[in-house]
Amino acid sequence: MEQRKLGSTGPTVSALGLGCMGMSEVYGPADRGESIATIHAALDAGITLVDTGDFYAMGHNEMLVREALKEVPRDKVQISVKFGALRGPAGEFTGMDTRPAATRNFLAYSLQRLGTDYIDVYRPARLDPNIPIEETIGGIADLVKAGYIKHIGLSEVGSATIRRAHAVHPIADLQIEYSLIERGIERDILTTCRELGIGITAYGVLARGLISGHWSKDSGKTGKDYRLMTPRFQGSNLDANLALVEQLRAISAEIGATPAQVAIAWVAAQGKQIVPLVGPRPRNRLTEALGAAKVTLTPAHLAVLATAFPPDVAAGTRYAAEQMAHLDSEKPATA
């Protein structure tokens with residue numbers, strides 16, 4: 001598989017990364033054995049970047065990743081971990097804590113659950129409104145010096161925060177949602193990252209399955225699925241967004257690929273510093289996602305897609321209003 005470097009200071013990783021969140025929660029019931037088999041198949045296909053979070057199912061996902069990677073030489077895989085999100089016993093999110101003391105605590109637990117001596121990319125999951133980003137990054141930088149972390153990343157923060165963080169310690173990459181129907185990063189964040197030599201790990205490249213070509217109005221209703229509570233998957237918004245998928249299906253047929261493959265290939269085509277994260281749970285979905293690496297989008301293809309999917313084309317916001325309000329990446333850029 002093609003390799004890409006995460007920014008000017010980050011690691012060299014596979015051109016596609018594997019997001020593991022859905023293997024533990026959020027998208028309904030998951031099969032542990034199949035999830036581990038999917039991780040193994042991804043590694044066999046050349047994927048080296050594995051992304052998780054310490055709060056995914058309260059540590060379950062990190063332990064799942066540990067089990068899947070137990071026979072894999074540590075230097076053959078890069079593990080990316082998000083931290084800082086607080087949860088209650090019922091699973092509810094209760095805030096963020098990225099104080100240096102808390103960061104050391106979160107890291108200690110992650111190292112234990114993952115069964116590793118270090119983490120390749122460590123990042124706060126969101127901006128903590130109570131702690132200056134300089135203090136958070138300074139605390140992580142101390143852990144870099146101690147050898148527990150190789151690189152520092154960020155997640156869902158805006159340009160001003162990125163600049164402040166990067167001034168304290170080089171930032172390897174920003175993890176942020178980016179897809180054909182979610183292009184907010186293009187307003188200014190992508191330009192900022194390119195200027196500073198910061199890579200992008202793009203999650204939600206299939207808009208949580210919405211533009212995969214597999215979602216329908218009846219999908220997700222047989223189990224507890226977080227997507228059903230988000231605006232883009234509800235009511236008239238869903239109808240409008242599924243109509244967009246039909247446009248993508250028609251374009252993809254002309255290209256000779258599936259909608260999911262074209263959607264992933266489009267994100268990858270936006271720059272060599274961008275690494276799409278795919279999140280398949282079963283192996284057949286992984287096989288489809290891997291096929292995106294063989295899709296070549298010509299300038300003509302890109303032009304057709306640009307016309308069909310202009311910025312802000314999606315109906316509804318990507319998160320519910322309360323979550324959107326806490327996204328630093330959604331705040332207007334300041335001069």
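Predicted model only: the values in this text are computed from it and were never measured.
- Within the 3.5 Å criterion, the main-chain N or O of R187 finds no donor-acceptor partner in the side chain of T191.
- Classification of E330 and R318 as a salt-bridged pair holds, one side-chain N sitting under 4.0 Å from a carboxylate O.
- Of the candidates I176, I162, I185, I176 is the only one forming a side chain to side chain contact (heavy atoms under 4.5 Å, CB included) with S329.
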| message | Working note: R74 + T116, criterion side chain to side chain donor-acceptor pair (under 3.5 Å); need CA distance, chi angles, decisive distance, verdict. | response | CA-CA 8 Å; R74 183 62 183 85; T116 184; 2.7 Å; yes
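- Remark: side-chain polar atoms of H301 are not paired, donor with acceptor, to backbone N or O of I255 under 3.5 angstrom.
- L190 contributes atom CG, which lies 3.5 Å from atom CZ of R194 (distance to the nearest 0.5 angstrom).
- Between R281 and E34, none of the side-chain N atoms (NZ, or NE/NH1/NH2) sits under 4.0 Å from a carboxylate O, so this pair counts as no salt bridge.
- The OG1 atom of T52 sits 6.5 Å away from the CG atom of L114 when rounded to the nearest 0.5 Å.
- Remark: E195 CD to S159 OG distance equals 9.0 Å, nearest 0.5 Å.
- Checked by atom type, the side-chain pair H214/E288 shows a donor-acceptor distance below 3.5 Å.
- Surrounding CG of D117 are at most 12 heavy atoms belonging to other residues, nucleotides or ligands under 6.0 Å away.
- Between R249 and E254 there is no salt bridge, since no side-chain N of the basic residue sits under 4.0 Å from a carboxylate O of the acidic one.
- Note on E2 versus R4: salt bridge recorded, some NZ/NE/NH1/NH2 to OD/OE distance being below 4.0 Å.
- Salt bridge E182/R232: present, at least one basic N to carboxylate O contact under 4.0 Å.
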| message | Quick one, E177 with R208, criterion salt bridge (Lys or Arg N to Asp or Glu O under 4.0 Å). Give me CA distance, side-chain angles, the key distance, then yes/no. | response | CA-CA 10 Å; E177 188 168 355; R208 297 172 180 81; 3.0 Å; yes
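- Using a 4.5 Å cut-off on side-chain heavy atoms (C-beta onward), L16 and M1 make contact.
- Counting heavy atoms from C-beta outward, I152 and I137 have side chains that approach closer than 4.5 Å.
- Counting all heavy atoms, side chain and backbone alike, L302 lies closest to A269 at CD2-CB, 4.4 Å.
- The shortest distance between side-chain heavy atoms of Y178 and V205 does not fall below 4.5 Å.
- Comment: R87 engages E25 in a salt bridge, judged by a side-chain N to carboxylate O separation of less than 4.0 angstrom.
- Taking the six-membered ring for Trp, W215 and F233 have ring centres closer than 6.0 Å.
- Side-chain N or O atoms of S24 include none that pairs as donor or acceptor with a backbone N or O of M21 at under 3.5 Å.
- Hydrophobic clustering of Ile, Leu, Val, Met, Phe, Trp and Tyr side chains at less than 4.5 Å, counting indirect connections, keeps M63 apart from F55.
- Between the CD1 atom in I200 and the NZ atom in K272 there is a gap of 16.0 Å [rounded to 0.5 Å].
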| Yes or no on side chain to side chain contact (heavy atoms under 4.5 Å, CB included) for T287 and N284, after CA distance, side-chain angles and deciding distance? | CA-CA 5 Å; T287 298; N284 65 320; 5.5 Å; no
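- A distance-only check finds a donor-acceptor pair linking the side chain of H166 to the backbone of I171 [under 3.5 Å].
- Within a 6.0 Å sphere centred on CZ of R104, other residues, nucleotides and ligands contribute 12 heavy atoms or fewer.
- With respect to the salt-bridge test (charged N to carboxylate O, under 4.0 angstrom), the residues D239 and K217 qualify.
- Contact of the P11 side chain with the K150 side chain is not registered, since no non-hydrogen atoms from C-beta on lie closer than 4.5 Å.
- Atoms NE2 and CG, on H40 and D44 in that order, are 8.0 Å from each other to the nearest 0.5 Å.
- Residues Q175 and D51 have side chains that bring a donor and an acceptor to within less than 3.5 angstrom of each other.
- Across V267 and A202, no two heavy atoms sit closer than the pair CG1-CB, 3.8 Å.
- Residues S80 and V50 form no side-chain contact, since every pair of their non-hydrogen atoms from C-beta on lies 4.5 Å or further apart.
- Here the side chains of F93 and L86 are not in contact, with every heavy-atom distance at 4.5 Å or above.
- Counting only N and O atoms by type, the side chains of Y122 and K82 include no donor and acceptor under 3.5 Å apart.
- Closest approach of Q261 and G291 over heavy atoms only: NE2-CA, 3.6 Å.
- Closest approach of K5 to T9, counting heavy atoms only: NZ-C, 4.2 Å.
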| message | Between T48 and K76, is the side chain to side chain contact (heavy atoms under 4.5 Å, CB included) condition met? List the steps. | response | CA-CA 7 Å; T48 65; K76 300 299 183 183; over 6 Å; no
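- In this structure, R123 contributes its side chain and L154 its backbone to a donor-acceptor pair below 3.5 Å.
- For the pair C20/L18, a side-chain contact is recorded, criterion being any heavy-atom separation below 4.5 Å from C-beta on.
- No side-chain donor from either of Y319 and E156 sits under 3.5 Å from a side-chain acceptor of the other.
- The aromatic rings of F83 and F106 are tilted relative to each other, their planes meeting at an angle between 30° and 60°.
- Environment of CG in D312: sparse, with no more than 12 heavy atoms of neighbouring residues, nucleotides or ligands closer than 6.0 Å.
- Using a 4.5 Å cut-off between side-chain heavy atoms of Ile, Leu, Val, Met, Phe, Trp and Tyr, with links allowed through other members, L107 and V65 fall into the same hydrophobic cluster.
- F309 and L238 fall within a single hydrophobic cluster, where Ile, Leu, Val, Met, Phe, Trp and Tyr side chains are chained together by heavy-atom contacts under 4.5 Å.
- Both I181 and L228 are part of a single hydrophobic cluster, where members link through side-chain heavy atoms under 4.5 Å apart.
- A donor-acceptor contact shorter than 3.5 Å links the side chain of D328 to the backbone of G158.
- Heavy atoms of other residues, nucleotides or ligands lying less than 6.0 angstrom from CD of E92 number more than 12.
- One N or O on the side chain of N241 and one on the backbone of A315 form a donor-acceptor pair closer than 3.5 Å.
- Taking hydrophobic clusters as Ile, Leu, Val, Met, Phe, Trp and Tyr residues chained together by side-chain heavy-atom distances below 4.5 Å, L174 shares a cluster with I119.
- Salt bridge D128/R99: absent, no basic N to carboxylate O contact under 4.0 Å.
- The minimum heavy-atom distance linking D173 with I198 is given by the pair CA-CG2, 3.6 Å.
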| message | Does L290 form a side chain to side chain contact (heavy atoms under 4.5 Å, CB included) with I47? I'd like the steps, not just the answer. | response | CA-CA 9 Å; L290 291 170; I47 287 180; 4.0 Å; yes
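- Put simply, the side chain of L210 reaches to within 4.5 Å of the side chain of L242, judged on heavy atoms.
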| query | Between T258 and S252, is a side chain to side chain contact (heavy atoms under 4.5 Å, CB included) present by the stated rule, with each step listed? | reply | CA-CA 6 Å; T258 69; S252 300; 5.9 Å; no
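- Summarising the geometry of E62 relative to R113, their closest heavy-atom pair is OE1-NE, 2.6 Å, with the distance given to 0.1 Å.
- Under the 3.5 Å distance criterion, the side-chain polar atoms of R66 are matched with a main-chain donor or acceptor of Q112.
- In this structure, NE2 on H151 lies 6.5 Å from CG on D120, to the nearest 0.5 angstrom.
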